[in-house]
Asks: 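Let me give you the structure first, and then I'll get to my questions.
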Amino acid sequence: MCDDELIPPQADMTEREWLRAGSETTAGGPSMRTTGRVPQWVNRRTLLGGAMAGAALAVLPSPSQSPASAAPRLGGPGAFPFPEHPNGKGEFAILVTGDAGTGDEAQYAVAAAARDLCRTEGIGLAVGLGDNIYENGPESDDDSEFQDKFEKPNSGIDVPWLMVLGNHDCSGLIPGSGGDPSRGDREVAYAATSRRWYMPSRYYSVPLPAADPLVEFFAIDTIPWSSYVAQLDPHYRWDGPYMREQRSWLDGALRASRARWKVVIGHHPYLNNGKHGSAGSYDGFEIGNYTSGVHLKDMYENVVCGRADLILSGHDHTLQILEPTARTGGTRQVVCGASAKTEDGTAHFGHPAAWQNFSDHGFMVLKVSGARLTIDAYTVDVATRKATLAHRTRQTRPVAAPAPAHA
C-alpha cells in the first residue's frame with residue numbers, strides 16, 4: 001500500500017457541489033474541465049485502512065494466477081447464438097438483470113415476468129450484472145448452484161447471457177468480500193458447458209452484430225478494485241498486473257470500437273443513490289486501496305466517462321436510471337440490481353436521476369437502433385409474477401462518434 005493516495009474529498013457530492021468545488025479550487029486559474037476526467041484538485045491523504053482486512057485473510061492460500069484475457073471463445077455445446085439482425089421492431093432488444101443468483105422465489109418471479117416480456121419484445125440477448133451465485137460463489141465449475149441459481153430460474157429465456165463477476169462470486173473467508181478473485185475462474189470455466197452463460201474470460205467485449213456493430217458491450221471485472229478486504233495475491237492487487245492489463249485493454253477497446261453505441265457492464269457502479277454509495281466512498285469508506293473503490297472511480301473517470309454511452313451496474317439492490325451530467329462526460333449510469341433482492345426504499349444520495357426505485361424487484365430492457373437507445377425499467381410483483389413498465393428513457397445521440405473503419 002502506498003502513502004500518497006488519491007482520495008476524493010467527497011465521492012457522493014451532488015453534481016452542483018462537484019462543479020462548485022471545482023470552480024472554487026481553480027479560482028484565479030483556468031476553469032476546470034468537465035469532461036468526466038479526474039480533476040487535478042483531488043486531495044492527497046495518508047493511507048490508513050486495510051490492516052484489519054488483511055489480517056482477516058492472512059490464513060488464505062494465495063490463489064493461482066490466471067493470465068488476463070479478452071479473447072472470445074466458443075460457448076457450450078448448442079450455445080444460443082448472438083442475434084445478427086434486429087427484431088421485428090428494427091431494434092436489438094437486451095434484457096438487463098443484476099444480483100439475481102439467490103435461487104429463491106423472488107428470482108423465479110422476476111425471471112418469469114422477464115420471460116413473458118422476452119417473447120413480446122423480441123429479446124435476443126441478456127445481461128447478468130454480477131452476484132450470479134449467492135452467497136459465496138460456486139465451489140467448482142460444475143457446482144449444482146449453477147443449475148439452481150441460474151439455469152432453472154432462467155429456463156425459457158433462451159438467449160446468450162453476458163455475465164460479469166460480482167463480489168459474492170469471488171468471496172474469500174467472508175461472504176461477499178471479493179477477497180478471492182481467483183474463484184471467478186470457475187464461472188469462466190462454466191461457460192464452456194452452458195448454452196446460456198457467456199463469459200469467455202473475466203473481461204471481454206461483444207459487438208452486435210459482429211460484422212458491422214451497432215452496439216458494443218464491454219464487460220469488466222470490478223472486484224479487485226472494490227473488494228471489502230485487501231487483496232493478498234500480488235496478481236490481483238489494485239495496481240497488480242491483472243488490473244493494469246484490464247484497464248489497458250478497456251482503454252484500447254473503447255478507442256478502437258466502430259460501434260455507434262458503447263455500453264460498459266460491470267458489477268460496481270460509478271454513481272449510485274442507493275445505500276452502497278458511489279465509487280470512491282462505497283459504504284461510507286473513504287480511505288484505503290480497496291472497499292471505497294477509489295481506484296475504480298479513477299478508472300471510470302479516466303477511461304469510461306465521456307466515451308461510453310452507458311455504464312450498467314448492479315451491487316445496489318435498486319433500479320436507477322441516472323442522468324448524464326458534466327461530471328460523467330455525458331455517460332449515463334444505470335443501476336439494475338433488484339432481480340432477487342431489494343433495499344430499504346430510501347434514496348441515500350442526490351445524484352440527478354431520470355427515474356429511480358428503491359423498494360421493488362425488477363429488471364430493465366435496453367433497445368438499440370441506429371436512431372435511438374431506449375431503456376425500459378420494469379417493476380415486478382413477486383406474488384403475481386407480473387411486470388409493469390415503470391419508466392422509459394430515450395437518447396438519440398451517442399456520447400462519442402465511432403472510430404473510422406480501417407482501410
Side-chain angles (χ1 to χ4, degrees), residues 95-118 126-157 161-180 183-184 186-187 190-191 194 196-199 222-223 226 228 265-269 272 274-276 283 312-320 335-345 357-364 377-387:
L95 172 66
V96 182
T97 67
D99 300 69
T102 62
D104 66 11
E105 173 59 22
Q107 181 188 8
Y108 273 85
V110 171
R115 182 164 52 247
D116 291 341
L117 199 72
C118 284
V127 170
L129 292 170
D131 284 355
N132 309 311
I133 307 293
Y134 279 109
E135 294 287 331
N136 299 304
E139 296 303 319
S140 67
D141 60 9
D142 61 356
D143 193 318
S144 62
E145 288 195 311
F146 283 113
Q147 295 297 317
D148 297 337
K149 298 179 179 180
F150 177 75
E151 301 289 357
K152 291 177 182 178
N154 296 315
S155 177
I157 307 179
W161 288 67
L162 308 185
M163 306 298 290
V164 300
L165 296 170
N167 52 293
H168 281 273
D169 301 308
C170 300
S171 297
L173 290 179
I174 304 169
S177 66
D180 187 358
R183 292 174 67 97
R186 299 165 186 172
E187 298 194 3
Y190 176 70
S194 173
R196 293 181 182 83
W197 187 290
Y198 185 82
M199 189 185 282
T222 63
I223 308 310
S226 307
Y228 286 109
I265 59 176
H267 184 63
H268 291 83
N272 167 37
K275 69 177 185 180
H276 281 309
D283 297 293
L312 300 183
S313 309
H315 194 49
D316 212 89
H317 303 151
T318 58
L319 300 166
Q320 303 172 52
V335 179
C336 184
S339 295
K341 299 185 177 186
T342 59
E343 289 299 350
D344 57 9
N357 182 300
F358 299 92
S359 57
D360 291 317
H361 292 90
F363 60 88
M364 297 186 189
Y378 290 85
T379 58
V380 174
D381 180 77
V382 172
T384 63
R385 298 190 170 192
K386 298 299 182 183

Asks: Calculate, to the nearest 0.5 Å, the distance between atoms OG1 and CD belonging to Thr318 and Glu343 respectively.
Replies: 6.5 Å
Asks: Please assess Glu187 against Met163 for the test side-chain contact (heavy atoms from CB on, under 4.5 Å), listing each intermediate value before the final yes or no.
Replies: CA-CA 9 Å; Glu187 298 194 3; Met163 306 298 290; 5.8 Å; no
Asks: Shortest non-hydrogen contact from Ala340 to His361?
Replies: O-NE2, 3.3 Å
Asks: Is Gln320 reaching over with its side chain to a backbone N or O of Asn272, donor-acceptor style, under 3.5 angstrom?
Replies: no
Asks: Measuring only between side-chain heavy atoms, which start at C-beta, is Leu165 closer than 4.5 Å to Met199?
Replies: yes
Asks: Between Asp131 and Asp169, which heavy-atom pair has the shortest distance, and what is it?
Replies: N-OD2, 2.9 Å
Asks: Shortest non-hydrogen contact from Ala114 to Leu95?
Replies: CB-CD1, 3.9 Å
Asks: Compare every heavy atom of Arg385 with every heavy atom of Ala113, then report the nearest pair and how far apart it is.
Replies: CB-O, 3.5 Å
Asks: Give the intermediate values and the outcome of side-chain contact (heavy atoms from CB on, under 4.5 Å) for residues Ile133 and Asp143.
Replies: CA-CA 10 Å; Ile133 307 293; Asp143 193 318; 6.0 Å; no
Asks: Starting from the C-alpha separation in whole Å, work towards a yes-or-no answer on side-chain contact (heavy atoms from CB on, under 4.5 Å) for Arg186 and Glu139.
Replies: CA-CA 8 Å; Arg186 299 165 186 172; Glu139 296 303 319; 4.1 Å; yes
Asks: Side chains of Ser194 and Glu151: donor-acceptor distance under 3.5 Å anywhere?
Replies: yes
Asks: Ignoring hydrogens and angles, tell me if any N or O in the side chain of Ser171 forms a donor-acceptor pair with the backbone of Gly176 under 3.5 Å.
Replies: yes
Asks: Could you tell me whether Lys341 and Glu135 have a side-chain N and a carboxylate O separated by less than 4.0 Å?
Replies: yes
Asks: Give the minimum heavy-atom separation between Ala387 and Tyr378, together with the two atoms involved.
Replies: CB-CD2, 4.0 Å
Asks: Taking the six-membered ring for Trp, are Tyr228 and His276 parallel (under 30°), tilted (30 to 60°) or perpendicular (over 60°)?
Replies: tilted
Asks: Main chain of Val335, side chain of Ser313: is a donor-acceptor contact present, judged purely on distance under 3.5 Å?
Replies: no
Asks: Are the side chain of Arg183 and the backbone of Gly172 linked by a donor-acceptor contact shorter than 3.5 Å?
Replies: no
Asks: Could you pull out the closest heavy-atom pair between Pro269 and His315, with the gap in Å?
Replies: CD-CB, 4.0 Å
Asks: When you measure from the side chain of Ser339 to the backbone of Gly362, do you find a donor-acceptor pair of N or O atoms at a distance under 3.5 Å?
Replies: yes
Asks: Ignoring hydrogens and angles, tell me if any N or O in the side chain of Thr97 forms a donor-acceptor pair with the backbone of Val127 under 3.5 Å.
Replies: yes
Asks: Checking ring pair (Phe, Tyr, Trp, His ring centres under 6.0 Å) against Trp161, which of Trp197, Tyr198, Phe146, Phe150 comes through?
Replies: Phe150
Asks: Just verifying a value: how many Å separate Met364 CE and Thr379 OG1, rounded to the nearest 0.5 Å?
Replies: 10.5 Å
Asks: Side chains of Ser359 and Thr342: closer than 4.5 Å at any heavy-atom pair?
Replies: no
Asks: Please walk me through it: do Glu145 and Tyr134 pass side-chain contact (heavy atoms from CB on, under 4.5 Å)?
Replies: CA-CA 9 Å; Glu145 288 195 311; Tyr134 279 109; over 6 Å; no
Asks: Just one of Leu129, Thr222, Val164 clears the side chain to side chain contact (heavy atoms under 4.5 Å, CB included) bar with His268, so which one?
Replies: Thr222
Asks: What distance separates Asp316 CG from Asp283 CG, expressed to the nearest 0.5 Å?
Replies: 8.5 Å
